[in-house]
Amino acid sequence: MDPPSLLSLALLLLAAAAAAAFVLFPRRRSPEKKPSSGNPGSLSELIKNGHRILDWMVEILAASPTNTVATYMGVVTANPANVEHMLKTKFENYPKGDRFVTLLEDFLGRGIFNSDGDHWKLQRKTASLEFNTKTIRTFVMENVRVSVVDRLIPIFARAAASGETIDLQETLERFAFDNVCKVSFNEDTGRLSGDDTMEGREFARAFEQASELIVGRYKHPFLLSWKLMRFFNIGDERRLKEKIATVHRFATSVIRRRKSAASLGDDLLSRFIAEADYPDEFLRDIIISFVLAGRDTTSATLTWFFWLASTRPEVLARVEAEVNAVRRKNGTCAGVMFTLEEVREMDFLHAALSEALRLYPPVPLQTRACHESDEFPDGTKVRPGTTVMYNSYAMGRMKSIWGEDYAEFRPERWLDKGGGFQPRSPFRFPVFHAGPRMCLGKEMAYIQMKAVAASVVERFEVVVMDKEKVREKDYTMILRVKGGLPVRLKEKSVAAG
Ligand code: HEM
(Lines give C-alpha, C1' and ligand atoms only; values in the text may rest on other atoms or scores of the structure.)
Protein backbone atom coordinates (compact mmCIF):
# COMPACT_ATOMS: atom_id res chain seq x y z
CA MET A 1 0.00 0.00 0.00
CA ASP A 2 1.42 3.40 -0.95
CA PRO A 3 1.72 6.19 1.63
CA PRO A 4 -1.39 8.15 0.50
CA SER A 5 -3.51 4.98 0.75
CA LEU A 6 -2.13 4.26 4.22
CA LEU A 7 -2.97 7.78 5.24
CA SER A 8 -6.48 7.47 3.79
CA LEU A 9 -6.93 4.26 5.74
CA ALA A 10 -5.71 5.91 8.93
CA LEU A 11 -8.14 8.78 8.38
CA LEU A 12 -10.98 6.38 7.76
CA LEU A 13 -10.19 4.54 10.97
CA LEU A 14 -10.05 7.85 12.80
CA ALA A 15 -13.41 8.84 11.37
CA ALA A 16 -14.91 5.46 12.27
CA ALA A 17 -13.59 5.75 15.84
CA ALA A 18 -14.99 9.25 16.11
CA ALA A 19 -18.34 8.06 14.73
CA ALA A 20 -18.45 5.28 17.32
CA ALA A 21 -17.71 7.77 20.09
CA PHE A 22 -20.42 10.05 18.75
CA VAL A 23 -22.95 7.23 18.82
CA LEU A 24 -21.93 5.99 22.26
CA PHE A 25 -21.77 9.39 23.96
CA PRO A 26 -24.12 11.61 22.00
CA ARG A 27 -25.06 13.95 24.85
CA ARG A 28 -21.50 14.85 25.67
CA ARG A 29 -20.80 15.70 22.07
CA SER A 30 -23.93 17.59 21.11
CA PRO A 31 -26.43 19.77 22.93
CA GLU A 32 -29.25 18.06 21.03
CA LYS A 33 -30.87 14.96 22.42
CA LYS A 34 -30.82 12.53 19.51
CA PRO A 35 -33.83 10.25 18.99
CA SER A 36 -33.26 6.84 20.60
CA SER A 37 -33.63 3.51 18.79
CA GLY A 38 -37.26 2.62 18.12
CA ASN A 39 -37.92 6.25 17.30
CA PRO A 40 -38.69 6.69 13.57
CA GLY A 41 -35.84 9.20 13.22
CA SER A 42 -33.19 7.23 15.14
CA LEU A 43 -29.71 6.46 13.83
CA SER A 44 -30.52 2.77 13.32
CA GLU A 45 -33.56 3.68 11.20
CA LEU A 46 -31.49 6.20 9.30
CA ILE A 47 -28.82 3.60 8.50
CA LYS A 48 -31.48 1.05 7.52
CA ASN A 49 -33.14 3.51 5.16
CA GLY A 50 -30.07 5.38 3.93
CA HIS A 51 -30.47 4.01 0.38
CA ARG A 52 -34.05 5.37 0.17
CA ILE A 53 -33.67 8.44 2.32
CA LEU A 54 -36.26 10.62 0.55
CA ASP A 55 -39.04 8.04 0.46
CA TRP A 56 -38.30 7.06 4.06
CA MET A 57 -38.67 10.70 5.08
CA VAL A 58 -42.03 10.90 3.26
CA GLU A 59 -43.23 7.94 5.36
CA ILE A 60 -42.10 9.25 8.74
CA LEU A 61 -43.26 12.81 8.04
CA ALA A 62 -46.69 11.65 6.82
CA ALA A 63 -47.05 9.49 9.95
CA SER A 64 -46.29 12.40 12.28
CA PRO A 65 -49.42 14.37 13.37
CA THR A 66 -47.62 17.68 12.72
CA ASN A 67 -45.61 16.43 9.73
CA THR A 68 -42.43 17.19 11.70
CA VAL A 69 -39.91 14.69 13.07
CA ALA A 70 -36.73 14.97 15.15
CA THR A 71 -34.26 12.74 13.34
CA TYR A 72 -30.68 11.86 14.04
CA MET A 73 -29.66 14.46 11.44
CA GLY A 74 -31.78 17.24 12.93
CA VAL A 75 -35.38 18.43 12.86
CA VAL A 76 -37.13 17.71 9.53
CA THR A 77 -40.45 19.27 8.64
CA ALA A 78 -43.04 19.09 5.86
CA ASN A 79 -45.39 21.45 7.68
CA PRO A 80 -46.13 24.69 5.72
CA ALA A 81 -46.54 26.77 8.90
CA ASN A 82 -43.09 25.69 10.11
CA VAL A 83 -41.60 26.38 6.67
CA GLU A 84 -43.04 29.91 6.67
CA HIS A 85 -41.68 30.43 10.18
CA MET A 86 -38.14 29.34 9.18
CA LEU A 87 -37.95 31.00 5.79
CA LYS A 88 -39.81 34.23 6.45
CA THR A 89 -41.09 35.08 9.93
CA LYS A 90 -37.84 34.16 11.73
CA PHE A 91 -35.59 34.39 8.68
CA GLU A 92 -32.65 35.88 10.63
CA ASN A 93 -32.72 32.99 13.10
CA TYR A 94 -32.25 30.35 10.41
CA PRO A 95 -29.11 31.10 8.35
CA LYS A 96 -27.41 28.51 6.19
CA GLY A 97 -24.93 28.17 9.02
CA ASP A 98 -21.22 27.49 9.30
CA ARG A 99 -21.35 23.77 8.55
CA PHE A 100 -23.01 24.27 5.15
CA VAL A 101 -20.91 27.30 4.28
CA THR A 102 -17.61 25.61 5.25
CA LEU A 103 -18.34 22.53 3.17
CA LEU A 104 -18.80 24.51 -0.04
CA GLU A 105 -16.49 27.43 0.62
CA ASP A 106 -13.42 26.26 -1.35
CA PHE A 107 -15.58 25.99 -4.45
CA LEU A 108 -18.19 28.74 -4.06
CA GLY A 109 -16.28 31.14 -1.82
CA ARG A 110 -18.83 33.46 -0.28
CA GLY A 111 -20.97 33.72 -3.40
CA ILE A 112 -24.69 34.44 -3.03
CA PHE A 113 -25.48 30.75 -2.73
CA ASN A 114 -23.01 30.22 0.08
CA SER A 115 -23.17 33.24 2.35
CA ASP A 116 -25.25 34.66 5.15
CA GLY A 117 -25.71 38.08 6.74
CA ASP A 118 -24.46 41.31 5.16
CA HIS A 119 -22.31 39.60 2.54
CA TRP A 120 -25.39 37.77 1.20
CA LYS A 121 -27.60 40.89 1.47
CA LEU A 122 -25.29 42.97 -0.72
CA GLN A 123 -25.20 40.36 -3.48
CA ARG A 124 -28.90 39.65 -3.24
CA LYS A 125 -29.81 43.34 -3.59
CA THR A 126 -27.80 43.82 -6.78
CA ALA A 127 -28.67 40.43 -8.22
CA SER A 128 -32.42 40.79 -7.66
CA LEU A 129 -32.41 44.14 -9.46
CA GLU A 130 -30.57 42.58 -12.41
CA PHE A 131 -32.69 39.41 -12.57
CA ASN A 132 -35.81 41.56 -12.86
CA THR A 133 -34.89 43.86 -15.72
CA LYS A 134 -36.41 43.74 -19.19
CA THR A 135 -32.86 43.65 -20.57
CA ILE A 136 -32.05 40.35 -18.88
CA ARG A 137 -35.38 38.80 -19.92
CA THR A 138 -34.71 39.73 -23.55
CA PHE A 139 -31.15 38.43 -23.24
CA VAL A 140 -32.38 35.12 -21.72
CA MET A 141 -34.97 34.71 -24.48
CA GLU A 142 -32.44 35.40 -27.23
CA ASN A 143 -30.05 32.81 -25.78
CA VAL A 144 -32.82 30.27 -25.46
CA ARG A 145 -33.75 30.91 -29.09
CA VAL A 146 -30.20 30.28 -30.31
CA SER A 147 -29.71 27.17 -28.21
CA VAL A 148 -33.12 25.66 -28.97
CA VAL A 149 -33.59 26.52 -32.66
CA ASP A 150 -29.97 26.31 -33.81
CA ARG A 151 -28.70 23.53 -31.56
CA LEU A 152 -31.15 21.37 -29.64
CA ILE A 153 -33.75 20.90 -32.39
CA PRO A 154 -31.13 19.98 -35.05
CA ILE A 155 -29.66 17.36 -32.66
CA PHE A 156 -33.13 15.89 -32.14
CA ALA A 157 -33.86 16.02 -35.89
CA ARG A 158 -30.64 14.07 -36.61
CA ALA A 159 -31.53 11.49 -33.94
CA ALA A 160 -35.04 11.19 -35.43
CA ALA A 161 -33.63 10.66 -38.92
CA SER A 162 -31.12 8.01 -37.83
CA GLY A 163 -33.51 6.32 -35.39
CA GLU A 164 -30.83 6.22 -32.69
CA THR A 165 -31.62 6.25 -28.99
CA ILE A 166 -30.34 9.27 -27.10
CA ASP A 167 -30.10 10.07 -23.40
CA LEU A 168 -32.52 12.96 -23.01
CA GLN A 169 -31.20 13.93 -19.58
CA GLU A 170 -27.57 14.14 -20.69
CA THR A 171 -28.50 16.19 -23.79
CA LEU A 172 -30.57 18.61 -21.72
CA GLU A 173 -27.77 18.95 -19.17
CA ARG A 174 -25.38 20.09 -21.88
CA PHE A 175 -28.05 22.51 -23.11
CA ALA A 176 -28.65 23.93 -19.60
CA PHE A 177 -24.94 24.33 -18.89
CA ASP A 178 -24.36 26.35 -22.08
CA ASN A 179 -27.40 28.43 -21.32
CA VAL A 180 -26.58 29.35 -17.75
CA CYS A 181 -22.99 30.23 -18.70
CA LYS A 182 -24.24 32.49 -21.47
CA VAL A 183 -26.66 34.30 -19.15
CA SER A 184 -24.16 34.51 -16.29
CA PHE A 185 -21.07 35.69 -18.18
CA ASN A 186 -21.80 35.57 -21.91
CA GLU A 187 -19.32 32.83 -22.86
CA ASP A 188 -20.25 30.01 -25.19
CA THR A 189 -19.11 26.78 -23.53
CA GLY A 190 -20.26 24.84 -26.62
CA ARG A 191 -21.28 21.71 -24.70
CA LEU A 192 -24.25 21.09 -26.98
CA SER A 193 -22.82 22.13 -30.32
CA GLY A 194 -19.54 20.33 -29.70
CA ASP A 195 -17.59 23.34 -30.99
CA ASP A 196 -16.31 24.21 -27.54
CA THR A 197 -12.89 25.72 -27.03
CA MET A 198 -10.28 23.77 -25.10
CA GLU A 199 -10.61 26.27 -22.24
CA GLY A 200 -14.42 26.06 -22.21
CA ARG A 201 -14.40 22.25 -22.32
CA GLU A 202 -11.94 22.06 -19.45
CA PHE A 203 -14.05 24.48 -17.43
CA ALA A 204 -17.26 22.50 -18.04
CA ARG A 205 -15.63 19.19 -17.09
CA ALA A 206 -13.90 20.63 -14.04
CA PHE A 207 -17.16 22.25 -12.90
CA GLU A 208 -19.02 18.95 -13.16
CA GLN A 209 -16.31 17.01 -11.34
CA ALA A 210 -15.85 19.64 -8.62
CA SER A 211 -19.62 19.60 -7.94
CA GLU A 212 -19.57 15.82 -7.58
CA LEU A 213 -16.46 15.74 -5.42
CA ILE A 214 -17.65 18.46 -3.10
CA VAL A 215 -20.88 16.56 -2.44
CA GLY A 216 -18.64 13.69 -1.28
CA ARG A 217 -17.73 15.84 1.72
CA TYR A 218 -21.28 15.43 3.06
CA LYS A 219 -20.61 11.72 3.41
CA HIS A 220 -17.86 12.28 5.94
CA PRO A 221 -19.25 11.90 9.46
CA PHE A 222 -17.11 14.75 10.77
CA LEU A 223 -15.68 17.95 9.40
CA LEU A 224 -12.32 16.75 10.66
CA SER A 225 -12.03 13.77 8.31
CA TRP A 226 -12.28 15.63 4.98
CA LYS A 227 -10.38 18.57 6.44
CA LEU A 228 -7.49 16.26 7.29
CA MET A 229 -7.54 14.85 3.77
CA ARG A 230 -7.51 18.39 2.43
CA PHE A 231 -4.63 19.29 4.73
CA PHE A 232 -2.56 16.34 3.48
CA ASN A 233 -3.77 16.95 -0.08
CA ILE A 234 -4.75 13.35 -0.71
CA GLY A 235 -7.52 11.31 -2.39
CA ASP A 236 -10.67 13.12 -3.48
CA GLU A 237 -9.56 16.32 -1.79
CA ARG A 238 -6.51 16.52 -4.02
CA ARG A 239 -8.63 15.99 -7.13
CA LEU A 240 -11.15 18.53 -5.87
CA LYS A 241 -8.44 21.13 -5.37
CA GLU A 242 -7.24 20.67 -8.96
CA LYS A 243 -10.77 20.94 -10.39
CA ILE A 244 -11.57 24.04 -8.35
CA ALA A 245 -8.34 25.65 -9.54
CA THR A 246 -9.39 25.06 -13.17
CA VAL A 247 -12.86 26.54 -12.55
CA HIS A 248 -11.41 29.57 -10.76
CA ARG A 249 -8.79 30.14 -13.45
CA PHE A 250 -11.41 30.17 -16.20
CA ALA A 251 -13.81 32.43 -14.24
CA THR A 252 -11.03 34.88 -13.38
CA SER A 253 -9.85 35.11 -16.99
CA VAL A 254 -13.42 35.81 -18.15
CA ILE A 255 -13.77 38.54 -15.51
CA ARG A 256 -10.47 40.21 -16.47
CA ARG A 257 -11.36 40.11 -20.17
CA ARG A 258 -14.76 41.62 -19.46
CA LYS A 259 -13.38 44.33 -17.20
CA SER A 260 -10.96 45.45 -19.88
CA ALA A 261 -13.45 45.18 -22.77
CA ALA A 262 -14.45 48.36 -24.57
CA SER A 263 -18.12 47.75 -23.88
CA LEU A 264 -20.16 45.60 -21.53
CA GLY A 265 -22.93 43.19 -22.48
CA ASP A 266 -26.32 42.28 -21.02
CA ASP A 267 -25.14 39.21 -19.07
CA LEU A 268 -25.19 39.19 -15.27
CA LEU A 269 -21.43 39.57 -14.87
CA SER A 270 -21.44 42.68 -17.08
CA ARG A 271 -24.31 44.15 -15.05
CA PHE A 272 -22.35 43.66 -11.82
CA ILE A 273 -19.20 45.18 -13.34
CA ALA A 274 -21.21 48.19 -14.56
CA GLU A 275 -22.68 48.68 -11.10
CA ALA A 276 -19.52 49.05 -8.98
CA ASP A 277 -15.81 48.32 -8.85
CA TYR A 278 -16.11 44.87 -7.23
CA PRO A 279 -12.91 42.83 -6.71
CA ASP A 280 -12.32 39.89 -9.10
CA GLU A 281 -12.77 37.34 -6.34
CA PHE A 282 -16.18 38.71 -5.36
CA LEU A 283 -17.34 38.54 -8.99
CA ARG A 284 -15.85 35.07 -9.43
CA ASP A 285 -17.77 33.71 -6.46
CA ILE A 286 -21.02 35.21 -7.72
CA ILE A 287 -20.84 33.78 -11.22
CA ILE A 288 -19.85 30.34 -9.94
CA SER A 289 -22.91 30.43 -7.65
CA PHE A 290 -25.12 31.32 -10.62
CA VAL A 291 -23.79 28.46 -12.71
CA LEU A 292 -24.25 25.98 -9.86
CA ALA A 293 -27.79 27.20 -9.16
CA GLY A 294 -28.93 27.10 -12.77
CA ARG A 295 -27.01 24.11 -14.08
CA ASP A 296 -28.85 20.82 -13.61
CA THR A 297 -32.09 22.13 -12.10
CA THR A 298 -33.94 22.81 -15.36
CA SER A 299 -32.58 19.76 -17.18
CA ALA A 300 -33.63 17.45 -14.33
CA THR A 301 -37.13 18.96 -14.27
CA LEU A 302 -37.56 18.57 -18.02
CA THR A 303 -36.36 14.97 -17.88
CA TRP A 304 -38.80 14.07 -15.12
CA PHE A 305 -41.53 15.92 -17.04
CA PHE A 306 -40.98 13.93 -20.25
CA TRP A 307 -40.97 10.65 -18.35
CA LEU A 308 -44.10 11.49 -16.32
CA ALA A 309 -45.90 12.79 -19.41
CA SER A 310 -45.05 9.61 -21.31
CA THR A 311 -47.22 7.73 -18.82
CA ARG A 312 -50.17 10.04 -19.59
CA PRO A 313 -50.25 10.69 -23.37
CA GLU A 314 -53.31 12.93 -23.00
CA VAL A 315 -51.08 15.44 -21.15
CA LEU A 316 -48.74 15.70 -24.12
CA ALA A 317 -51.72 15.97 -26.47
CA ARG A 318 -53.02 18.90 -24.43
CA VAL A 319 -49.61 20.61 -24.41
CA GLU A 320 -49.47 20.20 -28.20
CA ALA A 321 -52.99 21.62 -28.60
CA GLU A 322 -52.02 24.62 -26.44
CA VAL A 323 -48.86 25.25 -28.47
CA ASN A 324 -50.81 25.03 -31.73
CA ALA A 325 -53.45 27.44 -30.41
CA VAL A 326 -50.71 29.96 -29.51
CA ARG A 327 -49.25 29.58 -33.01
CA ARG A 328 -52.64 30.11 -34.66
CA LYS A 329 -53.43 33.13 -32.53
CA ASN A 330 -50.15 34.83 -33.40
CA GLY A 331 -49.89 33.62 -36.97
CA THR A 332 -46.46 32.03 -36.52
CA CYS A 333 -45.30 28.61 -37.71
CA ALA A 334 -43.26 25.76 -36.28
CA GLY A 335 -39.52 26.30 -36.31
CA VAL A 336 -39.77 29.96 -35.32
CA MET A 337 -38.95 30.57 -31.66
CA PHE A 338 -41.85 31.61 -29.46
CA THR A 339 -41.82 35.12 -28.06
CA LEU A 340 -41.74 35.72 -24.31
CA GLU A 341 -45.45 36.65 -24.42
CA GLU A 342 -46.30 33.42 -26.25
CA VAL A 343 -44.40 31.34 -23.71
CA ARG A 344 -46.29 33.11 -20.94
CA GLU A 345 -49.62 32.25 -22.54
CA MET A 346 -48.97 28.50 -22.15
CA ASP A 347 -50.78 27.90 -18.87
CA PHE A 348 -51.28 24.17 -19.24
CA LEU A 349 -47.58 23.63 -19.95
CA HIS A 350 -46.76 25.78 -16.91
CA ALA A 351 -49.06 23.54 -14.87
CA ALA A 352 -47.51 20.33 -16.23
CA LEU A 353 -43.98 21.49 -15.39
CA SER A 354 -45.07 22.58 -11.92
CA GLU A 355 -46.58 19.15 -11.42
CA ALA A 356 -43.25 17.53 -12.37
CA LEU A 357 -41.52 19.88 -9.91
CA ARG A 358 -44.00 18.91 -7.18
CA LEU A 359 -43.23 15.20 -7.55
CA TYR A 360 -39.51 15.54 -8.30
CA PRO A 361 -38.15 18.83 -6.94
CA PRO A 362 -34.53 19.31 -8.12
CA VAL A 363 -33.54 20.49 -4.61
CA PRO A 364 -35.50 18.04 -2.46
CA LEU A 365 -34.07 18.82 0.95
CA GLN A 366 -32.91 22.15 2.35
CA THR A 367 -30.99 22.66 5.55
CA ARG A 368 -30.65 25.63 7.85
CA ALA A 369 -28.99 26.06 11.27
CA CYS A 370 -30.98 27.39 14.22
CA HIS A 371 -29.24 30.41 15.75
CA GLU A 372 -31.18 31.12 18.97
CA SER A 373 -33.50 28.84 20.91
CA ASP A 374 -36.94 28.83 19.25
CA GLU A 375 -40.30 27.10 18.94
CA PHE A 376 -41.97 26.19 15.64
CA PRO A 377 -45.70 27.01 15.17
CA ASP A 378 -46.50 23.29 15.66
CA GLY A 379 -44.84 23.36 19.11
CA THR A 380 -41.52 21.71 18.13
CA LYS A 381 -38.73 23.14 20.31
CA VAL A 382 -35.53 23.98 18.46
CA ARG A 383 -32.28 24.50 20.28
CA PRO A 384 -29.40 26.70 19.12
CA GLY A 385 -27.07 24.90 16.71
CA THR A 386 -29.71 22.36 15.65
CA THR A 387 -29.84 21.52 11.96
CA VAL A 388 -33.36 22.14 10.67
CA MET A 389 -34.55 20.91 7.32
CA TYR A 390 -37.63 21.26 5.20
CA ASN A 391 -38.32 18.52 2.75
CA SER A 392 -39.84 19.71 -0.55
CA TYR A 393 -39.95 16.16 -1.87
CA ALA A 394 -42.09 15.04 1.06
CA MET A 395 -44.22 18.18 0.91
CA GLY A 396 -45.11 17.37 -2.69
CA ARG A 397 -46.39 14.02 -1.48
CA MET A 398 -48.43 15.02 1.58
CA LYS A 399 -52.13 14.16 1.50
CA SER A 400 -52.66 17.06 3.92
CA ILE A 401 -51.41 19.51 1.24
CA TRP A 402 -52.49 17.97 -2.09
CA GLY A 403 -55.42 15.71 -1.21
CA GLU A 404 -56.14 12.02 -1.87
CA ASP A 405 -54.66 12.01 -5.38
CA TYR A 406 -51.28 13.42 -4.27
CA ALA A 407 -49.39 10.51 -5.87
CA GLU A 408 -50.83 11.12 -9.34
CA PHE A 409 -49.22 13.23 -12.04
CA ARG A 410 -52.19 15.52 -12.68
CA PRO A 411 -51.33 18.97 -14.11
CA GLU A 412 -55.04 19.88 -13.97
CA ARG A 413 -54.76 20.43 -10.21
CA TRP A 414 -52.90 23.68 -10.97
CA LEU A 415 -55.64 25.18 -13.16
CA ASP A 416 -58.60 27.32 -12.20
CA LYS A 417 -62.05 26.88 -13.75
CA GLY A 418 -61.13 29.02 -16.76
CA GLY A 419 -57.97 26.96 -17.42
CA GLY A 420 -55.64 29.66 -16.05
CA PHE A 421 -52.59 28.68 -14.01
CA GLN A 422 -53.27 28.94 -10.29
CA PRO A 423 -50.05 29.44 -8.27
CA ARG A 424 -49.73 27.93 -4.77
CA SER A 425 -48.26 29.44 -1.64
CA PRO A 426 -44.46 29.01 -1.75
CA PHE A 427 -44.62 27.74 1.82
CA ARG A 428 -46.77 24.80 0.69
CA PHE A 429 -44.74 24.34 -2.51
CA PRO A 430 -41.21 25.49 -1.51
CA VAL A 431 -39.53 23.97 -4.57
CA PHE A 432 -37.98 27.35 -5.40
CA HIS A 433 -37.46 28.09 -1.70
CA ALA A 434 -39.52 30.98 -0.20
CA GLY A 435 -39.16 34.24 1.68
CA PRO A 436 -36.23 36.66 1.27
CA ARG A 437 -33.95 33.95 -0.15
CA MET A 438 -36.34 32.65 -2.76
CA CYS A 439 -34.74 31.44 -6.00
CA LEU A 440 -33.77 34.35 -8.23
CA GLY A 441 -33.88 32.26 -11.37
CA LYS A 442 -37.46 30.98 -11.07
CA GLU A 443 -38.88 33.00 -13.95
CA MET A 444 -35.81 32.37 -16.07
CA ALA A 445 -36.13 28.64 -15.38
CA TYR A 446 -39.80 28.52 -16.43
CA ILE A 447 -39.08 30.50 -19.60
CA GLN A 448 -36.29 28.12 -20.53
CA MET A 449 -38.18 24.94 -19.66
CA LYS A 450 -41.37 26.04 -21.43
CA ALA A 451 -39.49 27.09 -24.57
CA VAL A 452 -37.71 23.72 -24.72
CA ALA A 453 -40.80 21.60 -23.95
CA ALA A 454 -43.04 23.53 -26.38
CA SER A 455 -40.49 23.38 -29.21
CA VAL A 456 -39.88 19.66 -28.71
CA VAL A 457 -43.54 18.65 -28.33
CA GLU A 458 -44.52 20.71 -31.36
CA ARG A 459 -42.07 18.95 -33.62
CA PHE A 460 -41.33 15.49 -32.19
CA GLU A 461 -42.97 12.54 -30.59
CA VAL A 462 -40.72 11.64 -27.67
CA VAL A 463 -40.80 7.87 -27.25
CA VAL A 464 -39.48 6.99 -23.79
CA MET A 465 -37.88 3.55 -23.70
CA ASP A 466 -39.47 1.27 -21.15
CA LYS A 467 -41.81 4.05 -20.04
CA GLU A 468 -43.78 1.96 -17.51
CA LYS A 469 -40.60 1.36 -15.48
CA VAL A 470 -40.60 3.56 -12.37
CA ARG A 471 -37.41 5.60 -12.55
CA GLU A 472 -34.96 5.49 -9.70
CA LYS A 473 -33.72 8.71 -8.21
CA ASP A 474 -30.12 9.82 -8.27
CA TYR A 475 -29.80 12.26 -5.42
CA THR A 476 -26.47 13.91 -4.89
CA MET A 477 -26.70 17.67 -5.27
CA ILE A 478 -29.72 17.66 -7.61
CA LEU A 479 -32.48 15.06 -7.89
CA ARG A 480 -31.84 13.50 -11.30
CA VAL A 481 -33.10 10.40 -13.06
CA LYS A 482 -30.73 7.55 -12.25
CA GLY A 483 -29.08 6.24 -15.40
CA GLY A 484 -30.56 9.01 -17.56
CA LEU A 485 -33.64 8.76 -19.79
CA PRO A 486 -33.17 6.88 -23.08
CA VAL A 487 -35.60 8.12 -25.72
CA ARG A 488 -36.23 7.85 -29.45
CA LEU A 489 -37.58 10.77 -31.40
CA LYS A 490 -40.08 10.69 -34.22
CA GLU A 491 -40.55 13.77 -36.34
CA LYS A 492 -44.15 14.94 -36.70
CA SER A 493 -45.34 16.43 -39.97
CA VAL A 494 -45.68 20.10 -39.08
CA ALA A 495 -45.59 23.19 -41.25
CA ALA A 496 -42.12 24.69 -40.76
CA GLY A 497 -41.64 28.45 -40.98
C1 HEM B 1 -36.20 24.33 -11.91
C2 HEM B 1 -35.23 25.20 -11.71
C3 HEM B 1 -34.79 25.71 -10.37
C4 HEM B 1 -35.13 25.33 -9.10
C5 HEM B 1 -36.10 24.25 -8.68
C6 HEM B 1 -34.40 26.18 -8.18
C7 HEM B 1 -34.48 26.09 -6.80
C8 HEM B 1 -33.78 26.90 -5.93
C9 HEM B 1 -33.75 26.75 -4.48
C10 HEM B 1 -34.47 25.66 -3.70
C11 HEM B 1 -32.96 27.72 -3.98
C12 HEM B 1 -32.59 27.94 -2.50
C13 HEM B 1 -31.26 27.31 -2.25
C14 HEM B 1 -30.72 27.59 -0.88
O15 HEM B 1 -31.04 28.59 -0.25
O16 HEM B 1 -29.90 26.78 -0.43
C17 HEM B 1 -32.49 28.51 -5.10
C18 HEM B 1 -31.66 29.61 -4.97
C19 HEM B 1 -31.14 30.29 -6.03
N20 HEM B 1 -31.40 30.07 -7.36
FE21 HEM B 1 -32.61 28.66 -8.14
N22 HEM B 1 -33.63 27.06 -8.91
C23 HEM B 1 -33.84 26.81 -10.25
C24 HEM B 1 -33.24 27.46 -11.31
C25 HEM B 1 -32.41 28.53 -11.21
C26 HEM B 1 -31.80 29.23 -12.33
C27 HEM B 1 -32.00 28.89 -13.82
C28 HEM B 1 -31.04 30.23 -11.82
C29 HEM B 1 -30.24 31.21 -12.62
C30 HEM B 1 -29.00 31.43 -12.52
C31 HEM B 1 -31.18 30.18 -10.36
C32 HEM B 1 -30.58 31.05 -9.47
C33 HEM B 1 -30.65 30.97 -8.09
C34 HEM B 1 -29.90 31.82 -7.19
C35 HEM B 1 -28.95 32.95 -7.59
C36 HEM B 1 -30.21 31.40 -5.89
C37 HEM B 1 -29.65 31.96 -4.58
C38 HEM B 1 -30.65 32.92 -3.95
C39 HEM B 1 -30.18 33.43 -2.59
O40 HEM B 1 -29.55 32.69 -1.83
O41 HEM B 1 -30.50 34.58 -2.29
N42 HEM B 1 -32.02 29.15 -10.03
N43 HEM B 1 -32.99 28.00 -6.26
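Every number for a ligand or one of its atoms is a count from 1 in the order of the listing. Excluded from the calculations below are hydrogen atoms, water molecules and symmetry mates; all remaining heavy atoms, backbone and side chain alike, are included. Computed from a predicted structure; not experimentally measured.
Every atom of ligand 1 is numbered from 1 in the order shown, and the set under 4.0 Å from a heavy atom of A293 is 20 (N), 24 (C), 25 (C), 31 (C), 32 (C), 33 (C), 34 (C), 42 (N). Near F290, the atoms of ligand 1 lying under 4.0 angstrom from a non-hydrogen atom of the residue are 30 (C), 35 (C). Within ligand 1, counting atoms from 1 as listed, the ones closer than 4.0 Å to a heavy atom of W120 are 39 (C), 40 (O), 41 (O).
For K442 and F432, the positive end sits near the middle of the six-membered ring, less than 6.0 Å away and at most 45° from its axis. For the pair R397 and Y360, the cation-pi test (distance below 6.0 Å, angle within 45°) is passed. For the pair R358 and W402, the cation sits on the ring face: its NZ or CZ lies under 6.0 Å from the ring centre, inside 45° of the axis.
Scanning the protein heavy atoms around atom 2 (C) of ligand 1, the nearest turns out to be T297 CB, 3.5 Å. Here the heavy atom of the protein found nearest to atom 38 (C) of ligand 1 is R124 NH1, 3.4 Å. Of the protein's heavy atoms, C439 SG, 3.2 Å lies nearest to atom 20 (N) of ligand 1. The shortest contact between atom 15 (O) of ligand 1 and any protein heavy atom is with R368 NH2, 2.9 Å. At the shortest separation from atom 37 (C) of ligand 1 among protein heavy atoms lies F113 CD1, 4.0 Å. With hydrogens left out, the protein atom closest to atom 7 (C) of ligand 1 is V431 O, 3.5 Å, a heavy atom.
Between E173 and R480, at least one side-chain nitrogen of the basic residue sits less than 4.0 Å from a carboxylate oxygen of the acidic one, meeting the salt-bridge criterion. With salt bridges taken as basic N to acidic carboxylate O contacts below 4.0 Å, one links K259 and D280. Classification of R271 and E275 as a salt-bridged pair fails, no side-chain N sitting under 4.0 Å from a carboxylate O.
Contacts between Q123 and ligand 1 below 4.0 angstrom, taking non-hydrogen atoms only, are absent altogether.
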